[in-house]
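Keep in mind that the numbers below use all heavy atoms, side chains included, and drop hydrogens, waters and symmetry copies. Because the structure is predicted, anything quoted here is derived from the model rather than measured.
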Amino acid sequence: MVLRRGSFSIRFRRRTAHASVVLLVIAGALGVLGLCQGAVWLSPAELFSGRASVVVLEWRLPRVVAALVFGAALALAGAVIQNLTRNPLGSPDVLGIEAGSYTGALLVITGAGVAPGLLTGAAMLGGVLSAAVVYVLSVRSGLDRTRLVVIGIAVNAMLVAVDAWIVLRAELEVAMAATGWSAGSLNGIDWDDLQVPLVVVGALMVLFVALSGELNQSTVGDEMAIATGVQLGRLRLVTVLAAVACSATVTAVTGPIVFIALAAPQIGRRLFATPGVGLLPAALTGGVLLLAADIVARVLLAPVALPVGVVTTAIGGCYLLWLLLKEVR
């Protein structure tokens with residue numbers, strides 16, 4: 001029996017190592033492609049020769065970094081919420097958390113103007129409030145995870161209607177800017193836009209790593225987790241707040257980007273064959289997915305760059321149909 005466990009552990013580590021290397025290689029290749037792609041195509045030889053250093057370092061590199069980091073952040077948020085709900089449909093964009101973040105940011109845009117610190121705080125507050133509403137409505141007669149997802153979808157629909165009402169009542173220029181921003185876009189991102197978000201997302205990733213042991217322990221069941229010393233109430237509160245912070249930070253910079261938080265954890269779990277929460281698979285898969293979607297958005301109607309949210313929404317619809325058919329079967 002011990003030998004079998006050891007053999008399984010070795011196979012598991014090898015699968016994790018191989019999948020990690022493959023995704024890192026894909027991310028590197030996509031990163032080089034993202035640096036080459038633009039209004040003017042740069043060959044890899046020109047890219048590494050340094051002749052277009054300003055264009056690459058100041059315009060294209062921030063976009064590539066944002067896609068990788070923000071994709072990982074959204075995927076981590078989706079992974080911990082799916083672990084909490086025990087449902088593959090549990091993600092910030094399905095449960096109304098992302099819509100709540102967008103509502104908070106939209107109130108700032110249409111009221112006080114765009115102020116980076118205020119925008120991030122409002123997005124985070126909106127996400128926390130929407131998550132609290134979903135939780136309170138779900139826990140009234142005992143926390144049922146299926147009910148939580150259904151209520152989250154209903155809250156998301158209502159917030160989308162509220163967002164549309166806010167945009168319709170705003171001035172024309174503000175409404176146009178808010179509507180364009182609502183698609184979720186990496187267009188025009190520079191290093192100034194990334195300074196605070198990178199610090200926040202980095203700190204949250206460290207927090208998720210620190211909590212990974214308890215998160216994996218919580219997957220064995222509430223009774224067993226409590227018996228092994230896991231404080232489930234504190235763990236769930238901290239992880240939900242951290243997931244909301246991840247989603248809200250990304251939303252404040254790019255607007256709502258759907259599909260990544262929903263699909264990346266499930267795709268990563270299948271690639272890595274992980275039995276637990278799978279934070280590393282989710283993060284690597286999310287970064288690769290968002291960077292690939294952004295490159296498609298830049299190439300599809302070149303030289304016009306589409307918002308990346310348009311591509312992720314189209315892919316996400318197909319993924320959601322596949323997931324629902326799979327669950328029904």
Please list all pairs passing the side-chain hydrogen bond (donor to acceptor under 3.5 Å, both in side chains) test where one or both residues lie in [range], with sequence neighbours left out.
{"range": "residues 287-298", "value": "Arg63-Asp294"}
{"range": "residues 192-206", "value": "none"}
{"range": "residues 154-163", "value": "Thr103-Asp163"}

What's the shortest heavy-atom distance between [X] and [Y], and which atoms?
{"X": "Ala77", "Y": "Cys246", "result": "CB-CB, 4.1 Å"}
{"X": "Ala122", "Y": "Gly104", "result": "CB-O, 3.3 Å"}
{"X": "Leu159", "Y": "Ser130", "result": "CD1-CB, 3.9 Å"}
{"X": "Ala123", "Y": "Ala252", "result": "CB-CB, 4.1 Å"}

Under the 4.5 Å side-chain heavy-atom rule for ILVMFWY, direct or indirect, which residues accompany Leu125?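 Direct or chained contacts put Leu125 with Leu129.
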Output the rest of the hydrophobic cluster of Val160: all Ile, Leu, Val, Met, Phe, Trp and Tyr residues reachable through side-chain heavy-atom contacts under 4.5 Å, sorted by chain and number.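 Reading the cluster by chain and number, Val160 sits alone, since nothing else belongs.
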Side-chain donor-acceptor pairs of residues 19-36 under 3.5 Å, sequence neighbours excluded:
unit_1	atom_1	unit_2	atom_2	d
Ser20	OG	Thr16	O	2.7

side-chain hydrogen bond (donor to acceptor under 3.5 Å, both in side chains) with [X]: which residues, sequence neighbours excluded?
{"X": "Gln37", "value": "none"}
{"X": "Thr251", "value": "none"}
{"X": "Thr313", "value": "none"}

Sequence neighbours left out, what passes salt bridge (charged side-chain N to carboxylate O under 4.0 Å, His left out) with Arg169? Give chain and number order.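 Expected list: none.
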With sequence neighbours left out, which residue pairs that include part of residues 67-111 fulfil the ring-ring contact (aromatic ring centres under 6.0 Å, His included) condition?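 Those involving residues 67-111 are Tyr102-Trp181.
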Can a donor-acceptor pair be found, under 3.5 Å and without considering hydrogens, that links the side chain of Gln82 to the backbone of Leu262?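 Checking the backbone N and O of Leu262 against the side chain of Gln82, a donor-acceptor pair under 3.5 Å is found.
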Applying side-chain contact (heavy atoms from CB on, under 4.5 Å), name anything that partners Val69, two or more places apart in sequence or on another chain.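 Checked Val69 against side-chain contact (heavy atoms from CB on, under 4.5 Å); matches are Val65, Leu198, Val201.
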